[in-house]
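Keep in mind it's a predicted model, so treat the numbers as computed, not measured. Numbering of ligands and ligand atoms starts at 1, following listing order. Just so you know, residue 1 is the first one in the sequence shown, and it goes up from there.
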Amino acid sequence: MKITVVGTGYVGLVTGVCLASIGHEVICVDINSRKIELLKRGKSPIYESGLEEMLREHRNNISFTTDPVEAYSDAQIIMVGVGTPERADGSCDLTYVYSVADDIVEYSQGNPVIVIKSTVPIGTCQKFKKYINSRMEKDRQLSVVSNPEFLSQGTAIKDTLHASRIVIGSDDGDAIRTVREVYEPFGIPIIETDFQSSEMIKYASNNYLALRISYINEIANLCEEVGADITDVACGMGYDKRIGSMFLKAGIGYGGSCFPKDTKALYWLSENQGAALKTIRATIDVNTEQKFIILKKAAKYYDSLKGLTVAVLGLSFKPGTDDVREAPSLRIIPALIETGAKVKAWDPIAVSNFSKLFPDVVTYCRTIEETIDGADICFILTEWQDVINFDISEYASRMKKPIVIDGRNCYAIGEVKGKGIVYESIGRQAVK
Ligand code: UGA
């Protein structure tokens with residue numbers, strides 16, 4: 001099928017490449033000409049493992065453009081994967097989605113099915129359909145389908161090719177069948193439903209995962225008080241099939257471009273409906289506080305970090321990505337600078353993104369060794385494999401004071417004992 005994918009962020013680009021890989025003829029359109037130029041040269045504007053290789057492998061089935069005429073005039077399906085950022089009040093900004101609607105009205109021909117992949121508040125697809133068709137000629141009324149995306153950054157291709165489910169919601173049976181045909185080669189379970197339920201499945205899934213993280217983080221904080229170990233607790237809970245073991249990793253909270261935005265958007269929507277979700281309010285509040293928990297731990301060892309050298313390992317919101325959006329580093333590093341600490345930071349791939357926001361106030365290092373050399377304290381913010389594999393005894397030999405505050409529980413307590421370091425982590429007893 002001829003498929004136009006609008007937006008070349010994580011959702012659009014990965015979807016486009018994966019659809020090209022099963023033989024569809026895909027054209028990706030973006031208003032950002034820099035991104036399109038890179039893609040035309042086979043380079044990915046985002047860091048995602050395996051994406052460039054797939055781009056090259058399926059280049060005969062995928063093309064890139066900024067030209068709306070080229071993008072829309074021949075499409076059988078138009079998939080919308082543009083950003084839906086957060087407004088200052090926490091609600092969802094749909095400006096980009098509606099600007100795509102205007103382009104479709106102006107440039108599309110025939111009767112393409114419009115598929116909304118962007119995460120949009122419940123009720124949006126129905127309104128979008130009305131909006132677009134009120135601007136089309138009476139004899140050309142377009143169908144709209146809600147088809148939320150469940151991929152995670154860092155594993156996006158695997159998540160798309162081997163997704164747990166594909167959700168298709170619409171008020172139009174023919175459009176549902178067309179979109180079903182697009183995905184059938186993947187051999188993944190397909191759930192058909194209405195617009196609102198489809199939109200809700202996306203929000204409810206992300207919010208539930210965020211809730212699990214805040215829940216386990218609160219349990220972790222309590223574990224420290226009562227002498228329990230969160231790693232063992234989560235392991236013991238996870239064996240129960242009703243609970244499962246995933247998303248029970250305690251740490252300094254969730255970040256990224258999805259959970260923070262989607263929890264706030266769903267809470268905003270629920271409050272607006274007069275049915276405020278108390279669990280989600282708690283999820284957000286717990287996460288906000290959890291980011292700073294490592295600074296509280298540092299206060300056990302230093303009255304103030306003023307003038308001290310602080311090593312920070314990891315800047316991205318999780319390993320496997322260079323994305324720093326809503327990463328704990330964005331809150332913790334400014335707080336450190338504010339107190340007058342000298343910050344040295346390392347990340348294998350996110351320095352470029354982070355240093356655009358903080359160009360001068362942080363010393364960026366090339367290696368973990370260089371970062372911890374002479375440091376008075378070290379904070380681990382992302383569980384990069386390089387950190388997990390790092391020889392723990394190096395902290396003792398290189399740091400001025402070997403105090404390691406691990407916000408991601410990178411090391412087993414047994415590994416750390418006897419290595420001559422003070423080690424604080426999340427939900428586990430300190431090693432001194
Ligand atoms: C998330 C969802 O997992 C995807 O299913 C969804 O499609 C995507 O949002 C989206 O809406 O686009 P993503 O934000 O890429 O994906 O990353 P996750 O792997 O879910 O991690 C989110 C945050 O939670 C990270 O900061 C991670 O460190 C944290 N986390 C995750 C924990 O603190 N503990 C865990 O056990 C798991």
Quiz prompt | Step-by-step side chain to side chain contact (heavy atoms under 4.5 Å, CB included) determination, Tyr10 to Ser257 | solution = CA-CA 10 Å; Tyr10 283 95; Ser257 62; 5.7 Å; no

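Under the ring-ring contact (aromatic ring centres under 6.0 Å, His included) criterion, Tyr98 pairs with Phe128, Tyr131, sequence neighbours left out. Evaluation of the ring-ring contact (aromatic ring centres under 6.0 Å, His included) rule for Tyr96 yields no partner, not counting sequence neighbours.
For residues 264-275, the set of pairs meeting the side chain to side chain donor-acceptor pair (under 3.5 Å) definition, not counting sequence neighbours, comprises Glu86-Lys264, Asp89-Trp268.
Within 4.0 Å of ligand 1, heavy atoms belong to protein residues Glu149, Phe150, Leu151, Ser152, Gln153, Lys202, Asn206, Ile213, Phe247, Leu248, Lys249, Tyr254, Gly255, Cys258, Phe259, Asp262, Phe317, Lys318, Arg408.
Using modelled atom types and a 3.5 Å distance limit, the side chains of Tyr301 and Glu424 yield a donor-acceptor pair.
Asn287 places no side-chain N or O within 3.5 Å of a backbone atom of Ser214 that could act as its donor or acceptor partner.
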